[in-house]
There are 2 protein chains.
Amino acid sequence: MAARREPVSRRDRPAKDPLSRAVVVAAAVRVMRAEGLERVTMRRLAGELDTGPASLYVYVDNMAELHGAVLDELLAELDFSGTDLVELLSRYTQVLFEYPSLARSVLTLRPSGANYLRLIDAVLGLLDASGVPVSRAAWGVDLLLQHATATAAEHGTRSESGLHDASVQEAALVAMDADRYPHVAGVGDLLWSGSGEQRLRWGFAVLIAGIAATAVP
Amino acid sequence: MAARREPVSRRDRPAKDPLSRAVVVAAAVRVMRAEGLERVTMRRLAGELDTGPASLYVYVDNMAELHGAVLDELLAELDFSGTDLVELLSRYTQVLFEYPSLARSVLTLRPSGANYLRLIDAVLGLLDASGVPVSRAAWGVDLLLQHATATAAEHGTRSESGLHDASVQEAALVAMDADRYPHVAGVGDLLWSGSGEQRLRWGFAVLIAGIAATAVP
DNA sequence: ACCTGAACACCGTTCAAGT
DNA sequence: ACCTGAACACCGTTCAAGT
């Protein structure tokens, strides 16, 4: 056991971190890394910071806004150097894959943090560099990031919750009913083929090709 | 006031609907239509059906699974006749737009109901009819439905929660900092231009063009 | 003016005990 | 065997009342 400086009562504990937005967000990131986003509750954070849940509302608007701040914190570590577009998007997706619940939350958030803007800027830059007209790039960046986020939200939750092994098997059997679902039966196993990684990257390729080829109205 | 047949006590009320999966799902749909998915709680449904929340678990596995059943119920009304691909996908999106929280839930669900399979089958058929190779169609259907669902989840929640008018304005100003975000500043208002409908349809067009052009690995 | 204790109004899910 | 009352273990957010 490490020596404690002094045993102090809760009442006169000395100068712990004073509360601030940064301290609240840092605590949220810490708890999420250690125990998952589900454990990041206002009450838990308050406990962590020796105060009551109401006090947190001085620094964050609500849970959704806090999730946005947590995302931006995570994106600070994103490496932008020496990447092509698919690689950068894959790195972004990898970050979210580790926290699928955060991805789910982000999907309904329109993030606006500094690091998210930096990511948008980099994606725009790479689209521009490959000759995509700015109008298509401007709308396309949304599509690309949405694909990344939705895939992370979808994937992660499915491996989290233990559903779908028996039930996917069962659905697959029903789907093969050639009378009711002729086209599904026709494509067969292809519907569920490929790894998550392969399908993610194919999705990016599809989007990039489509964005380059499709004029905005 | 309509005449009541007879005043009955709770104890000996006559033959109300006996509980069944269909009755539980129907109650969920009814409450969602009237008051939104947020009000569809196990306790509320139980109250509606004169029982306790525990009884519902005889008929549904959990909330997520119930949401899947509700989606499939909604899709029963989807009109498949005389549509091209973009039109069909738009109709599906319209259904989800009315219940953004359901869309959010569906995103992490891999729906497997009969009506969802019917939709997948129709999309596969239309892709096939337009000459897309089956391997690309098989992976592409996921991309198309994910775009629809994610857009509904995103859009709806944003107009539900009153965020983002002042805060989007503010983010837009920050983003125009040409030193920090040169490419964002370069594209300017294009980033936020267009109606939801326009961007949704453009997204479908992008995906369809990309799917047709991109081989699976 | 700034902060927070306590309350408001709820949740999903489980399980022992009934019938 | 089937069903359920009651409990377990929590939530986010608000606001009156303190300092």
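Atom set for the values below is all heavy atoms of this structure, side chains included, hydrogens, waters and symmetry mates excluded. Throughout, a chain's letter reflects where its sequence line sits, starting with A, and its residues are numbered from 1.
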CG/B:D79: more than 12 non-hydrogen atoms of other groups inside 6.0 Å: yes

Integer angstrom distance from the C1' of D:dC3 to that of C:dT14: 14 Å

Separation of D:dC3 P from B:M42 CE (nearest whole Å): 16 Å

Electrostatic pair B:E77-B:R33, nearest N-O below 4.0 angstrom: yes

Nearest-nucleotide comparison on DNA chain D, the residue closer to the 5′ end among A:P53 and A:R39: A:R39

Rounded distance in Å between the C1' positions of D:dC15 and C:dC2: 14 Å

Ion pair A:D121/A:R118, N-O distance below 4.0 Å: no

A:R43 CZ to C:dC8 P, straight-line distance once rounded to whole Å: 13 Å

Rounded interatomic separation in angstrom, taking CG from A:L45 and P from D:dG12: 9 Å

C1'-based separation of C:dC10 from D:dA9 [nearest Å]: 14 Å

Among D:dT4, C:dA6, C:dG12, the one nearest B:V58 by side-chain distance: D:dT4

B:R21: which of B:L66, B:V58, B:V60 passes side-chain contact (heavy atoms from CB on, under 4.5 Å): B:V60

A:E154/A:R104 salt bridge by N-O under 4.0 Å criterion: no

Polar atom pairs (N or O), protein with nucleotides 17-19 of chain C, under 3.5 Å:
none

Any B:S55 side-chain nitrogen or oxygen under 4.0 Å from OP1 or OP2 of D:dC3: no

Spacing between B:E65 atom CD and C:dG12 atom C1', to the nearest angstrom: 15 Å

Minimum-distance nucleotide to A:N62 side chain [options: D:dT13, D:dG12, C:dG12]: D:dT13

Out of D:dT14, C:dC3, C:dT13, whichever nucleotide has its closest atom nearest the side chain of A:Y59: C:dC3

Whole-Å distance separating the CE atom of B:M63 from the P atom of C:dC10: 15 Å

A:R43 and A:E48 ion-paired at < 4.0 Å: no

d(CZ, B:R44; P, C:dG12) in whole Å: 12 Å

Spacing of A:L19 atom CG relative to C:dC2 atom P, expressed in whole Å: 15 Å

A:Y57 OH to D:dC11 C1', straight-line distance once rounded to whole Å: 10 Å

Salt bridge present between A:R44 and A:E38 (N-O < 4.0 angstrom): no

